[in-house]
Q: 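This structure is in structure tokens; I'll ask about it shortly.
Values reported hereafter were calculated over all heavy atoms of this structure, with side chains retained and with hydrogens, waters and symmetry mates removed. Chain identifiers are assigned alphabetically (A, B, ...) following the order of the sequence lines, protein sequences preceding nucleic acid strands; residue numbering begins at 1 within each chain.
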Protein chains: 2
Amino acid sequence: MAAARQSERGRIPPHPDVRAISTQQVLEALVDPVRRHIVGELHAAREDLSCGTIELPVSKSTATHHFHVLREAGLIRQYYVGTSRMNALRREEFDEVFPGLLRALVTGHARESDARREA
Amino acid sequence: MAAARQSERGRIPPHPDVRAISTQQVLEALVDPVRRHIVGELHAAREDLSCGTIELPVSKSTATHHFHVLREAGLIRQYYVGTSRMNALRREEFDEVFPGLLRALVTGHARESDARREA
DNA sequence: ATCAAAGTTTGACAGTGATCGTACTTCCTG
DNA sequence: CAGGAAGTACGATCACTGTCAAACTTTGAT
């Protein structure tokens with residue numbers, strides 16, 4: 001392979017193997033509402049999203065922190081496209097190790113978002 | 001009803017309606033490993049357990065705190081029998097509002113307990 | 001060559017929550 | 001009724017984590 005693919009250029013630290021992630025780590029990641037929002041949006045969008053396209057009520061540096069935590073918890077995979085860092089939900093991989101968990105939480109996310117909108 | 005049942009005597013504050021519990025509150029309750037252990041034990045035991053019969057690596061006062069959090073999060077129901085405070089997992093109720101969540105987490109609990117035992 | 005856009009890194013700060021010991025309450029038993 | 005068992009309540013620590021601003025890096029456009 002003569003040239004590294006564009007997606008690989010932006011030295012993003014290696015992603016963890018989901019099988020090496022503990023329930024503890026996953027819950028610590030998902031207990032934060034901002035991070036749960038990110039996961040919910042990625043799940044609903046059904047496509048990869050750049051950090052910037054997900055509206056968050058925090059500063060950019062804080063957002064970076066949250067994406068970092070999600071990546072370390074095996075929930076998202078990140079790669080660069082130009083200057084944008086893309087985020088992909090690691091659905092299948094995650095589901096194999098924590099069956100039903102993502103579904104259960106995203107259900108709650110959707111339900112409570114609806115409730116907010118109706119209010 | 002001439003006499004209050006024994007179970008009702010020990011003024012335990014009223015239990016919340018599970019439908020009024022947010023995902024946020026549930027996750028804050030379950031992110032703590034001690035509390036997850038309690039839930040796991042209640043789930044495995046398939047019967048109500050007094051606070052004292054669940055071994056915990058913390059002091060009594062801290063244990064009280066954890067049971068309190070679980071009760072407020074709609075995960076357990078408490079009642080007195082003599083001087084013992086019994087704890088019942090609110091399975092069905094909880095499952096109706098957060099379908100799949102308990103199952104998903106207890107699965108992880110069991111799996112990781114097994115891993116520890118094998119080591 | 002610049003410039004702007006998109007994120008990252010670093011350091012500091014503040015709020016929260018888990019923890020403990022001590023003192024207190026209730027209930028059962030001898 | 002005295003003693004013990006089972007928890008609770010209260011305050012005080014202490015560590016962690018979410019937050020931000022400021023300075024920096026990399027990439028794409030003009």
Q: I need the NE2-P distance between His68(B) and dG7(D), as an integer number of Å.
A: 17 Å
Q: Look at His65(B) and dC10(D) and indicate whether a side-chain polar atom (N or O) is within less than 4.0 Å of OP1 or OP2.
A: no
Q: Is Glu93(B) paired with Arg77(B) through a side-chain N to carboxylate O contact shorter than 4.0 Å?
A: yes
Q: Taking atom types as they are modelled, would you say the side chain of Ser61(A) forms a donor-acceptor pair with the base of dA21(D) within the 3.5 Å cutoff?
A: yes
Q: Looking only at side-chain atoms of Asp32(A), point me to the closest of dT8(C), dG18(D), dA18(C).
A: dG18(D)
Q: In this structure, how many angstroms lie between the C1' atom of dT8(D) and the CG atom of Leu56(B), rounded?
A: 16 Å
Q: Rounding to an integer number of Å, can you tell me how far Leu49(B) CG sits from dA6(D) C1'?
A: 15 Å
Q: Using whole Å, what does the distance between atom C1' of nucleotide dT16(C) and atom CD of Glu28(A) come to?
A: 14 Å
Q: Could you give the CZ-to-C1' distance, from Arg35(A) to dT19(D), as a whole number of Å?
A: 12 Å
Q: In whole angstrom, give the distance that lies between atom CG of Leu27(B) and atom C1' of dT17(D).
A: 16 Å
Q: Nearest whole Å is fine: how far is dG18(D) P from His37(A) NE2?
A: 17 Å
Q: Please pick, from dG7(D), dC20(C), dA5(C), the nucleotide with the shortest atom-to-atom distance to any side-chain atom of Val58(B).
A: dC20(C)
Q: Quick check on dT26(C): is either OP1 or OP2 less than 4.0 Å from any side-chain nitrogen or oxygen of Arg85(B)?
A: no
Q: Could you check whether Thr64(A) gets within reach of a base, just the sugar-phosphate, or nothing at all, counting any heavy atom under 4.0 Å?
A: base
Q: Checking side-chain polar atoms at under 3.5 Å, does Glu112(B) have a donor or acceptor matched by the opposite partner on Ser22(A)?
A: no
Q: Choose from dA6(D), dT27(D), dT8(C) the nucleotide whose nearest atom is closest to any side-chain atom of Thr83(A).
A: dT27(D)
Q: Answer yes or no: does a side-chain N or O of Thr62(A) lie under 4.0 Å from OP1 or OP2 of dT19(D)?
A: no
Q: What is the distance from atom CG of Asn87(B) to atom CD1 of Ile54(B), rounded to the nearest 0.5 Å?
A: 5.5 Å
Q: Rounded to the nearest 0.5 Å, what separates atom NE2 in His68(A) from atom CD1 in Ile12(A)?
A: 12.0 Å
Q: Could you tell me the separation between the CD atom of Gln25(A) and the P atom of dT17(D), rounded to a whole number of Å?
A: 11 Å
Q: Is Ser50(B) near enough to dG7(D) that one of its side-chain N or O atoms lies under 4.0 angstrom from OP1 or OP2?
A: yes
Q: For Ser61(A) and Thr64(A), test the side chains for any donor-to-acceptor distance below 3.5 angstrom and give the result as yes or no.
A: no
Q: Please determine whether a side-chain nitrogen or oxygen atom of Ser59(A) lies at a distance below 4.0 Å from atom OP1 or OP2 of dC20(D).
A: yes
